[in-house]
Amino acid sequence: MESGAIDVESIPGPVDLSTTLESGQTFLWCRLDGETYSQPVRSGESRWYRTVHHRDVVDVRQTDSALEWRSTTDAVPILEERLRLGDDLDRVLATMPSEPVLQEAVRRFPGLRLVDEPFFPTLVSFILSAQMHVKRIHGLVSVLRREYGNPIPVPDGCRGAGGDETAYAFPDPQTLAEASEEALRDLGTGYRAPYVVESATMVANDAVPPDTIRELPYEEARDRLTEFVGVGDKVADCVLLFSLGAMEPVPLDTWIRSAIAEHFPSADRGSYGETSAAIRERLGPNPGYAQTYVFHYLRSQ
DNA sequence: ACCCAGGATGTAA
DNA sequence: TTACATCATGGG
């Protein structure tokens, strides 16, 4: 049991933990107040969040001056990576185009950061995301962890905020590869069940190695990712943006498409690839960040 | 009852 | 290449 704090002054630019974790980029953290992901929280409110990193429990909350953590290991490098604390958000936000919808999103949610989460859990999360609401995706991922994930005992020092005695890691590729389609359907995954099993099998066989994809040019990487079953252009963009370190992707979901129709109509070129390229041009040097701000802003209305 | 959700796949033109 | 039906499921 270790604990500590990361001074917000040591982070380049603002941080908003709750918005970052609950804005639908990651489904791998749970709130210790028992709520599932919900709509944005009032800033300044202090909530504990928990995830399992490999075999370690990591709890974190935000106070006025710091990100406080407690964990079975040193959580600092984990938080720095997964919350992208190294990103100079002041610089990123300064380069946002002067489109009103973007500027308003930045004004409303300064401190919203992109995440950099583990590959396989992110892949499965966004395979499940097809035609589902953010809240339900989080619920499904939580059920997968509970039903198939390795149980991790939570140390005494981590139970102060009403946490459970056991946390669950996201299941390994091999485990989901061996899961039965029907069992997964019964959990509520619907027609996505075979996608999960087949893609998990591919990951277990290292059919499309993520470390190789990281090295590819963005659009090439997106094409490779669509080799997974249940992964089209949109889900591939999410996986690249939220777990493989790419900063260009602008996942064209229903919210972003409606934003394009309303605010950037000339960027609608019909096909995914052409529209994607056109909207990236309009969103400045950090399209991925711009997209995340617009997505969360529209969804919070 | 209808419509929507961080869409993908298979098939037909 | 693009167009369209189909795919589960829960919540508004």
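Below, chains carry the letters A, B, ... as their sequence lines are ordered, and counting in each starts from 1.
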Atom OH of Tyr272(A) and atom P of dA8(B): how far apart are they, to the nearest Å? 8 Å

Kindly express the pairing pattern of DNA chain B in dot-bracket notation, using | wherever a base pairs with another strand and counting only Watson-Crick or G-U pairs under 3.5 Å. ..|||.|||||||

Between the side chains of Tyr293(A) and Asn286(A), is a donor N or O closer than 3.5 angstrom to an acceptor N or O? no

Which ones in residues 245-264 of chain A lie close to DNA chain B, meaning a heavy atom under 4.0 Å from one of its atoms? Pro251(A), Asp253(A), Thr254(A), Trp255(A), Ile256(A)

Parallel, tilted or perpendicular: rings of His138(A) and Phe27(A) (30°, 60°): tilted

From dA8(B), dG6(B), dA8(C), nucleotide with atom closest to Gln131(A) side chain: dA8(C)

Pair Phe242(A) + Phe126(A): ring centers closer than 6.0 Å: yes

Please give the distance between the C1' atoms of dG10(C) and dT9(B) as a whole number of Å. 23 Å

Please report the distance, rounded to the nearest Å, between CD in Gln301(A) and P in dG6(B). 15 Å

Whole-angstrom distance between dA5(C) and dC3(B), as gauged at atom P: 14 Å

Counting only non-hydrogen atoms, which of residues 176-210 of chain A are less than 4.0 Å from DNA chain B? Tyr191(A), Tyr195(A)

Hey, does Phe27(A) reach any base, or is it just sugar-phosphate, or nothing, if we go heavy atoms under 4.0 Å? nothing

